[in-house]
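I have placed the structure first, in the form of structure tokens, so that the comments after it can refer back to it.
From a predicted model like this one, the values you see are computed outputs, not experimental measurements.
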Amino acid sequence: MIAIVDYDAGNIKSVEKALQFLGEEPKVTREKEVLLQADKVIVPGVGAFGDAMSKMHQYGLVEILREIAKKGTPILGICLGLQLFFESSEESPGVEGLGLLPGKIVRIPDKEGFKIPHMGWNSIGINSSSRLLKGIEEGAYVYFVHSYYLQAAREADVAATTDYVVNIHAAAEHENIFATQFHPEKSGDIGLQILKNFIEL
């Protein structure tokens, strides 16, 4: 069973629909027992880092998600979900993230001719050892909506990169922890393949 973590963040519905399209019956939940028993866990999300962490604490999800990651259950963060997996974000100074992986979230710098938030399709460079991106062609286009981006602390954790003003760590992967800054559920057939890869881990 795949559990989608419900912490009142936007975008949960479209992730649920994409999984249903792939023949899964995901459970949208914040119940500890259900989350701990799930075969896979997805943390989607659109919104602000600080608000999201506040909800995570309110619903007692911080320790649960750390426990899930620790016990080896595959866990996938999407967009804001990716950002929450790391230690901190410039969007909300002083607010600690889940710290599942080392790294920080920083603002995309302003540059003439580039709009912030970065919104739209961008091609990704893929780390060939990535399990999440297995079978995805180098330079494939995926859909982004974000103003902040990941700087992973360990190069080995970077599963994909994209260029928008700066070099952006677009996906991360370490053992059972996976995360994408882009939205696989909005990235057409390529995105569905990425979700399928996660389901089949």
Kindly compute the distance separating [atom1] ([X]) from [atom2] ([Y]), expressed to the nearest 0.5 Å.
X: L84; Y: L100; atom1: CG; atom2: CG; result: 9.0 Å
X: L80; Y: H183; atom1: CG; atom2: NE2; result: 9.0 Å
X: L98; Y: E63; atom1: CG; atom2: CD; result: 9.5 Å
X: T73; Y: I177; atom1: OG1; atom2: CD1; result: 10.5 Å
X: L150; Y: L101; atom1: CG; atom2: CG; result: 8.5 Å
X: K55; Y: R30; atom1: NZ; atom2: CZ; result: 8.0 Å

Donor-acceptor pair, distance only, cut-off 3.5 Å: does the side chain of [X] make one with the backbone of [Y]?
X: E87; Y: G97; answer: no
X: N176; Y: I75; answer: no
X: N127; Y: V158; answer: yes
X: R131; Y: E175; answer: yes
X: Q83; Y: Y148; answer: yes
X: E91; Y: F49; answer: yes
X: Y7; Y: P44; answer: yes
X: S187; Y: Y143; answer: yes
X: K104; Y: S88; answer: no
X: N11; Y: V46; answer: no

Verify the distance criterion only: is there a donor paired with an acceptor across the side chains of D8 and Y59 at less than 3.5 Å?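 Side-chain D/A pair, D8 to Y59: present.
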Donor + acceptor pair across side chains of Q193, N197 (<3.5 Å):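 There is such a pair between these side chains.
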[X] versus [Y]: any side-chain heavy-atom pair under 4.5 Å?
X: T29; Y: D6; value: no
X: H146; Y: I168; value: yes
X: V145; Y: H118; value: no
X: L36; Y: I68; value: yes
X: V142; Y: T162; value: no
X: V43; Y: M56; value: yes
X: L132; Y: T180; value: yes

Do you know the tightest heavy-atom contact between [X] and [Y]?
X: W121; Y: G188; answer: CH2-N, 4.2 Å
X: R107; Y: E90; answer: N-OE1, 3.1 Å
X: H174; Y: D157; answer: ND1-OD1, 3.1 Å
X: I4; Y: P26; answer: CD1-CB, 3.8 Å
X: D39; Y: P74; answer: O-CD, 3.4 Å
X: A3; Y: L35; answer: CB-CD2, 3.8 Å

Are more than 12 heavy atoms, taken from residues, nucleotides or ligands other than [X], located less than 6.0 Å from that residue's [atom1] atom?
X: K71; atom1: NZ; value: yes
X: Y141; atom1: OH; value: no
X: Q58; atom1: CD; value: yes
X: K186; atom1: NZ; value: yes
X: E96; atom1: CD; value: no
X: E138; atom1: CD; value: yes
X: E200; atom1: CD; value: yes

Find out if a path of hydrophobic residues (ILVMFWY) with successive side-chain heavy-atom gaps under 4.5 Å connects [X] to [Y].
X: I108; Y: I105; result: no
X: I42; Y: L61; result: no
X: I12; Y: I194; result: yes
X: I136; Y: I199; result: yes
X: L19; Y: V5; result: no

Under 4.0 Å between a Lys/Arg side-chain N and an Asp/Glu carboxylate O for E16 and K13?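 Salt bridge: yes.
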side-chain contact (heavy atoms from CB on, under 4.5 Å) between K111 and V166, worked out: CA-CA 10 Å; K111 190 177 179 186; V166 288; over 6 Å; no
What orientation do F114 and Y164 show, parallel under 30°, tilted 30 to 60°, or perpendicular over 60°?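 F114 vs Y164 ring planes: perpendicular.
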Between F144 and F182 (judged by ring centroids, cut-off 6.0 Å), do the two rings come close enough to count as a pair?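 So the answer is yes for these two rings.
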Between H169 and T161, does the side-chain contact (heavy atoms from CB on, under 4.5 Å) criterion hold? Intermediate values first, please. CA-CA 5 Å; H169 293 164; T161 57; 4.2 Å; yes
Between K17 and E185, does the side-chain contact (heavy atoms from CB on, under 4.5 Å) criterion hold? Intermediate values first, please. CA-CA 8 Å; K17 280 203 178 104; E185 77 287 358; over 6 Å; no
